[in-house]
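Structure, as structure tokens:
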Amino acid sequence: MDYTRKIDEKWQRRWEEQGIFRADTSATEKPKYYCLVMFPYPSSELHVGHARNYVIGDAVARYKMMQGYQVLSPMGWDAFGLPAENQAIKHKIHPKEWTLKNIRRITEQMQSWGVGYDWQREITTCMPEYYRWTQWLFLQLYRKGLAYRKEALVNWCSSCKTVLANEQVISGECERCSTEVEQRNLKQWFFRITDYAERLLSDLDILDEWPERVKTMQKNWIGKSQGVEISFPVEDVQEPIVCFTTRVDTIYGATFLALSWEHPRVVELIKDSPHKEEVAAFVERIKNRPPSARLIESFEKEGVWTGKYAVNPMTGEKIPIWIANYILMEYGTGAIMCVPAHDARDYEFAQRYSLPVRPVIRPVETVTDSPVYEGEGVLVDSAEFSRLPSDQAKEKIAERMEEKKTGVRVHKYKLRDWLISRQRYWGAPIPMVYCEGCGEVPVPEGDLPVVLPETVQFLPTGQSPLTLIESFYRTKCPRCGADARRETDTMDTFVDSSWYYLRYISPRETDVPFVTSTVNEWLPVDQYIGGVEHAILHLMYSRFVNKFLQDLGYVSFDEPFARLFTQGMIVKDGAKMSKSKGNVVAPDYILEKYGADTMRLYILFMGPPEKDAEWQDEGLLGCWRFLQRAVRLAEMLIEHPGEATEDALNEQEQTLARKAHLTIKDVTEDMEKSFQFNTAISRIMELVNQAHKSLNEGYVRKSVLEHAVHTVFFLLAPFTPHLSEEVHQMLGGQVSVFRRAWPEYQAEMLREERIEIGVLMNGKVRDKLTIDTRWTQDEIKEKALSLSRIHSLLQGKSPKKVIYVPQRIVNIVA
RNA sequence: GCCGAGGUGGCGGAACUGGCAGACGCGCAGGAUUUAGGAUCCUGUCCCGCAAGGGGUGGGAGUUCGAUUCUCCCCCUCGGCACCA
């Protein structure tokens, strides 16, 4: 049999005709399985690195089909976003045209790999029938007060000319173009994800089937810390200043307060201070510092004294209030109590300005010569709290403060609200209208979608092209009918992708975004598959939106994705594949030369799918050779004359039959456990090797060979579907292998009469022993001791102890 | 700095709840077949050693009859976060 593209195409056509990937979400006779691969951003054609994602998903979907599940495996396009618009500016091609062209090409590629989807459910986020419901989602959030507009210092990329979410800023640079991000004060739309911080955090615990590292990343991102908000009375001023600290146990060591330059109380504090000008100059200087100044690894701590004093509520002591450049307004209260003896940053600052350092925590065991001790320990010089360990002191001091009403225990989160507005064209318009009389007015749901106009000019002006289209922004107020102006910002694409998994269930529904009852039957997604790069952004936004919809009663489940699998990257020459590095492996030549199955098999065989793997063409060749060897077995089977003898199996037959059953068992376990495709494939290789070996060594009856060959191709089917179908048909199969059951093994076939075990002396292997599994322990020990090798090593002495681990080893302790 | 994941032949990687380290594949070597090349088949391949033997899972200790696996310390690589009080 010649394995050619013709076979690939034949089966791809046939699957399409038979609709094996078409999911009937209303059918309930089979157990359901929702297998979802993260939908791609259609920016260019796919290479083998991308292919890994889809091949894994396809293998899972097909495996589940073979097990009799009603499998839903849909695909769609995360089609809004910057790259399309950048192309438009550069090459004068409309983003829509560019995007749809890419979608066509990628679809073709996926199909040529035999990756199957229910294409009737295809969704594209840039189409009005989809983004209409993204806008609907916005309105629901708005109605609940979870979408709001505020002026804020926001991240601004001067190259992309747009605002970025915190999550899109990677060490101070734009995620997309690596331009240094600036801070600008602009009026922007936010989603109040912080309201869900606690639930997003605590529900991570129910996600047992998520990779630990993803959960940890989210946990760190949410960044919960427990502490106390302490009110420090200010001399000559009515209002106290509130500081947040996680270390109340160090309060007796607080020697000054420091505020952020943005702190709202600064102006008032320096109003009548003799240091007024100095402070104002300092504030002005940090305000105008270049954006890069914030990013330098450890920039110099600087500050200025306000001339004011606060009072330590525990000691009554007067401590100076400073403005310092290292205090973040965004976290806590923008003001902190400084304990130089126990905080490296405070220490650095105190040194510079000769502020007192007062140790109040003694390390328990650690001997340190550093002047700063940041760990916990035992309190000293802390009045009646002295001699208490830190953890107890935190409790006691907090209690005391709460009694005296000078402090209150609180939780703080690092998580910020999600900035969703973009001053860009290629996104879903934010469905809001501004009216002089009524102010901010939401577009009525019935008027959705707010359609993105298609005829526009693409100019990188820093404003959305929408601001230049009068016919778009000029509108009437939905409330009073007066002239009004539409919001011209569009939504972050992460909004589009935060709910798409719900839409697949009823993608053509025109009255609702999704049908609650069906969604509740089909979700959570049984298996979600995608790259780790989405560990924080996409996955957390989706969890947030899901919880929000749950609160509204639109869905009944807590979490959208029950199981998450994050696959590793495929690298070439040690680097991520990219056009600029010129190390992209394009699938086309592979398909031409070896066919889709060889590529699929190799991608899965390369290594554990969750880890990065290095692409090697030679490895691909190995898979090709293996498939040839497997096909040859099938051909030998066809030529096998066959004969009807009822005699017991001979030795080769027994070995082969046993291996076949064992392989079914092992491969099934590998699939179930955690997608160990690499070991699953290696076991099938072993079976093929064994079959060839058995045939070489003696006579193997047709029935035994037949079982082995069928086993090989059934087990391979999720990985090499075309070839499996072809061979199955060649051998007389009438129905698609994906309509047939996954093979099952017979436990009694696994039993063995003679096995070889290792004989160890003092933990080192010295000899081997073939045992009969019916032998008793004592018999086996005796046989082991009588081995000539062991005999000579013992030199006549008797062993101290003999340990027998059933079916494995005998260890003789001399 | 903090958090997480790792470190096993020439390479990708196996090894279940502590039980014969290196499955499977690549590469390499030898042989068969072939006009030659390619392809295919067989054999070998952790290291040192002709052998007997010895060493060996990042390094060091420990627990154990026995450790890639468990405990402690240290080193290195990758990923995430990072002035978060």
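Per chain, numbering begins at 1; letters A, B, ... match sequence-line order. Atoms considered below: every heavy atom in the structure, side chains included; atoms not considered: hydrogens, waters and symmetry mates.
Checked against B:G27, B:G19, B:G4, the side chain of A:Arg625 finds its nearest nucleotide in B:G27. Of the candidates B:C65, B:C20, B:A15, B:C65 carries the atom nearest the A:Ile803 side chain, counting heavy atoms from C-beta on. Taking only side-chain atoms of A:Glu686, from C-beta outward, the nucleotide of B:A21, B:C24, B:A14 with the closest atom is B:C24. Nearest to the side-chain atoms of A:Pro608 among the listed nucleotides B:G80, B:A14, B:A85 stands B:A14. Comparing B:C65, B:G19, B:G80 against the side chain of A:Lys801 picks out B:C65 as the nearest. Distance from the side chain of A:Ile809 is smallest to B:G19 among B:G19, B:C81, B:C11.
Rounded to whole Å, atom P of B:C26 lies 12 Å from atom CG of A:Leu601. Atom pair A:Tyr413:OH and B:A85:P shows a separation of 14 Å (rounding to whole Å applied). As rounded to whole Å, 6 Å separates atom C1' of B:C24 from atom CE of A:Met685. Per the geometry, CH2 belonging to A:Trp221 stands 15 Å off C1' belonging to B:G79, to the nearest Å. Atom CG of A:Leu662 is separated from atom P of B:C24 by 14 Å (rounded to the nearest Å). Atom-to-atom, CZ of A:Arg683 to P of B:G13 comes out at 17 Å; the value is rounded to the nearest Å. Distance A:Met606 CE to B:G25 P: 17 Å, rounded to the nearest Å. One can place CD of A:Glu229 at 13 Å from C1' of B:A85, the figure rounded to the nearest angstrom.
Looking at A:Arg808, its side chain comes within 3.5 Å of the base of B:C16 through a donor and an acceptor atom. Interface remark: the A:Lys219 side chain does not form any donor-acceptor pair with the B:C3 base, using a distance-only criterion of under 3.5 Å. Looking at A:Asn811, its side chain comes within 3.5 Å of the base of B:C65 through a donor and an acceptor atom.
Remark: A:Lys659 engages A:Glu686 in a salt bridge, criterion side-chain N to carboxylate O under 4.0 Å. At a threshold of 4.0 Å, the pair A:Arg409-A:Glu395 counts as salt-bridged, since one of the basic side-chain nitrogens sits closer than that to a carboxylate oxygen.
Cation-pi contact between A:Lys781 and A:Tyr804: absent, since separation from the ring centre below 6.0 Å together with deviation from the ring axis within 45° is not met.
Mapping A:Phe244 and A:Phe626 onto RNA chain B by nearest heavy atom places A:Phe626 closer to the 5' end of the strand. Take the nearest nucleotide of RNA chain B for A:Asp767 and for A:Asn696: the residue whose nucleotide is more 5' is A:Asp767.
Among all heavy-atom pairs drawn from A:Leu750 and A:Lys665, the shortest one is CD1-CD, 3.5 Å. Nearest heavy atoms, A:Gly531 versus A:Asn53: N-ND2, 4.3 Å.
A heavy-atom distance below 4.5 Å is found between the side chains of A:Phe626 and A:Ile684.
B:U64 and B:A14: their P atoms are spaced 32 Å apart (whole Å).
Within 6.0 Å of atom CD in A:Glu533, more than 12 heavy atoms from other residues, nucleotides or ligands are found, so the atom counts as buried in its surroundings.
Applying the 4.0 Å criterion to OP1 and OP2 of B:C41, one finds that A:Arg632 has a side-chain N or O inside that range. Considering only side-chain N and O atoms, A:Arg766 lies under 4.0 angstrom from the phosphate OP1 or OP2 of B:G54. Regarding contacts with the backbone of B:C41, a side-chain N or O of A:Arg629 is found under 4.0 angstrom from either OP1 or OP2. Phosphate contact (OP1/OP2 of B:A14, side-chain N/O of A:Asn678, threshold under 4.0 Å): present. The shortest distance between the side-chain N/O atoms of A:Tyr602 and the OP1/OP2 oxygens of B:G25 is not below 4.0 Å.
By the rule that a glycosidic angle within 90° of 0 means syn, B:G62 does not qualify and counts as anti.
In this structure, A:Gly622 reaches the sugar-phosphate backbone alone: every heavy-atom distance under 4.0 Å involves primed, P, OP1 or OP2 atoms, never a base. As judged by a 4.0 angstrom heavy-atom cut-off over every strand, A:Pro211 is placed among residues making no nucleic acid contact.
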